[in-house]
2 protein chains.
Amino acid sequence: MLRLTKKADYGLMALKYLAEHPEVVSVSAKDIADTYRIPPQLLAKVLQRLTKVGLLRSHAGMNGGYALSKPAGTISAFEVIHAIDGPLFITSCTKGSKGCDLEPSCTVKEPLARVNESIAGVLRSISIYDLVDHETAAQRAADASQLISLTSLTQ
Amino acid sequence: MLRLTKKADYGLMALKYLAEHPEVVSVSAKDIADTYRIPPQLLAKVLQRLTKVGLLRSHAGMNGGYALSKPAGTISAFEVIHAIDGPLFITSCTKGSKGCDLEPSCTVKEPLARVNESIAGVLRSISIYDLVDHETAAQRAADASQLISLTSLTQ
DNA sequence: GAGTATACGACCATTATTGTCGGCGTTCAA
DNA sequence: TTGAACGCCGACAATAATGGTCGTATACTC
């Protein structure tokens, strides 16, 4: 069904929240979880992972919490999803270094790898900032790829 | 992890196979399954589904099997995936008609819906024919969306 | 009518995701 | 200096999705 995991959703929501409240020095996982009615401990784990890869900065103790480690405009949806869900492979048979199970098997893998790159490209073009302020890159990307689709179909 | 299901993979592989052998009137599920070392009954189910939505034509009995119901160039990867895996939603919370569970909850849903459209667009631009003959739409789409990504990032 | 094929529903096995628990280290402020 | 509020982490239980199998019915060819 090609869908994002909830964890990735939660991560994006949290980052968006942080981007929307730049005045607050640091926000606790619990605050965000309460706002969106998300399981606090699960969100905490997600945020910890985002911290580990350097997208967030954490601060323990009283009044601690999380903050973006860089401007929202420079954090792509791709980075977030990659950090939470791991490498983005559209083909189900791509596992680490070794390819498919047998011989000439997955003949669609190579072409699909390109599709994979397309999708990764789209996700790379969306920043957390774009999630906050509508009518920007997200819209442009949608328009543009709509265009690709049309030109390809009518050839 | 945003990956295709194996069923969808199998479906694409089978369609590609059929597109590669236009001379054969009809190919049995078993033949294709043997070629790619896929569980025959599982592939059979996939093909049955593709038949149901009209992408394939089936023929029972001796020398029966499946055949494309229209030119490979007019069958998009999107159709195939949609037929097998159901509607393509990137957001995990989109279930049928009703939206998210609560209030202002999923604030990322709306922007992600656009990302969803972008991806659908990419998939719509890939035909089964493209899977067979490389260096065509698949490549163009990849190039183009690479371009989108770059222009968006450097703004 | 025997053999080969699709069609379809029910079902189990496996894997992935989601969510929870408990203990630990850190910070801050009373 | 103690305790409340917080992040950090590993393990694990619950649930859902996927992958795969089985049995039977039906259609077609020879």
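Letters A, B, ... mirror the listed sequences (proteins, then strands); counts begin at 1. Side chains are part of it too, since the values below use all heavy atoms of this structure and drop only hydrogens, waters and symmetry mates.
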TODO: For B:Asp34, check side chain to side chain donor-acceptor pair (under 3.5 Å) against everything at least two apart and list the hits.
DONE: B:Lys30
Polar-atom pairs under 3.5 Å, protein N or O versus N or O of nucleotides 9-15 of chain C: list them with distances, or write none.
| from | atom 1 | to | atom 2 | distance (Å) |
| --- | --- | --- | --- | --- |
| C:dA10 | N6 | B:Lys45 | NZ | 2.7 |

Open item on the list: Is there a path of hydrophobic side-chain contacts, each under 4.5 Å between heavy atoms of I/L/V/M/F/W/Y residues, joining A:Val24 to A:Ile75?
Closed with: yes
- [ ] State whether A:Tyr10 places a side-chain N or O below 4.0 Å from either non-bridging phosphate oxygen (OP1 or OP2) of C:dT18.
- [x] no
Task: Euclidean distance, atom CG of residue A:Asp85 to atom C1' of C:dT18 [Å, nearest integer] - done: 12 Å
- [ ] Kindly point out which of C:dT18, C:dT20, D:dG19 is positioned nearest to the side chain of B:Lys7?
- [x] D:dG19
TODO: Taking only the side-chain heavy atoms of A:Leu42 (C-beta and beyond), determine which of D:dC8, C:dC8, C:dG19 contains the nearest atom.
DONE: C:dG19
Open item on the list: If you compare all heavy atoms of A:Ala19 against all heavy atoms of A:Val132, which two are closest, and at what distance to 0.1 Å?
Closed with: CB-CG2, 3.8 Å
- [ ] Give, for atom CG of B:Leu112 and atom CZ of A:Arg3, the distance between the pair rounded to the nearest 0.5 Å.
- [x] 14.0 Å
Open item on the list: From NZ of B:Lys6 over to P of D:dT21, roughly how many Å is that when rounded to an integer?
Closed with: 11 Å
- [ ] Using a cut-off of strictly less than 4.0 Å, decide whether A:Thr51 has a side-chain nitrogen or oxygen near OP1 or OP2 of D:dG7.
- [x] no
- [ ] Kindly check if the number of other-residue, nucleotide or ligand heavy atoms within 6.0 Å of NZ (A:Lys70) is above 12?
- [x] yes
Task: Distance in angstrom units between A:Gln41 CD and D:dA11 P, rounded - done: 17 Å
Task: Letter per nucleotide, 5' to 3', of nucleotides 24-30 of chain D [B base touched, S only sugar-phosphate touched, - untouched; heavy atoms, 4.0 Å] - done: ---BBS-
- [ ] Check DNA chain D against residues 25-32 of chain A and give the residues with a non-hydrogen atom under 4.0 Å, in numerical order.
- [x] A:Ser28, A:Ala29
Open item on the list: As an exercise, state the distance from CG of B:Leu15 to CD of B:Glu79, rounded to the nearest 0.5 Å.
Closed with: 10.0 Å
Task: Contacts of A:Ala44 that satisfy side chain to side chain contact (heavy atoms under 4.5 Å, CB included) - sequence neighbours left out - done: A:Ala29, A:Gln48
Open item on the list: What's the angle between the local helix axes at either end of the helix from C:dG1-D:dC30 to C:dA30-D:dT1, using five pairs per end and rounding to 10 degrees?
Closed with: 10°
- [ ] Round to the nearest Å and state the distance from B:Ile84 atom CD1 to D:dG20 atom P.
- [x] 14 Å
Task: Interatomic distance where CD belongs to A:Gln48 and P belongs to D:dC6 [whole Å] - done: 14 Å
Task: Euclidean distance, atom CZ of residue A:Arg57 to atom C1' of D:dC8 [Å, nearest integer] - done: 18 Å
Open item on the list: Check the phosphate of D:dA17 against B:Thr5, side-chain N and O only, distance under 4.0 Å to OP1 or OP2. Yes or no?
Closed with: no
TODO: Taking the side chain as every heavy atom from C-beta outward, state whether B:Pro39 and B:Tyr10 have any pair of such atoms under 4.5 Å apart.
DONE: yes
Task: Selected nucleotide, minimal atom distance to A:Ser58 side chain, candidates C:dG22, D:dG23, D:dC8 - done: D:dC8
Task: Separation of atom CD1 in B:Ile81 from atom P in D:dT18, rounded to whole Å - done: 13 Å
Task: Rounded distance (Å) that lies between atom P of C:dT4 and atom OH of B:Tyr66 - done: 17 Å
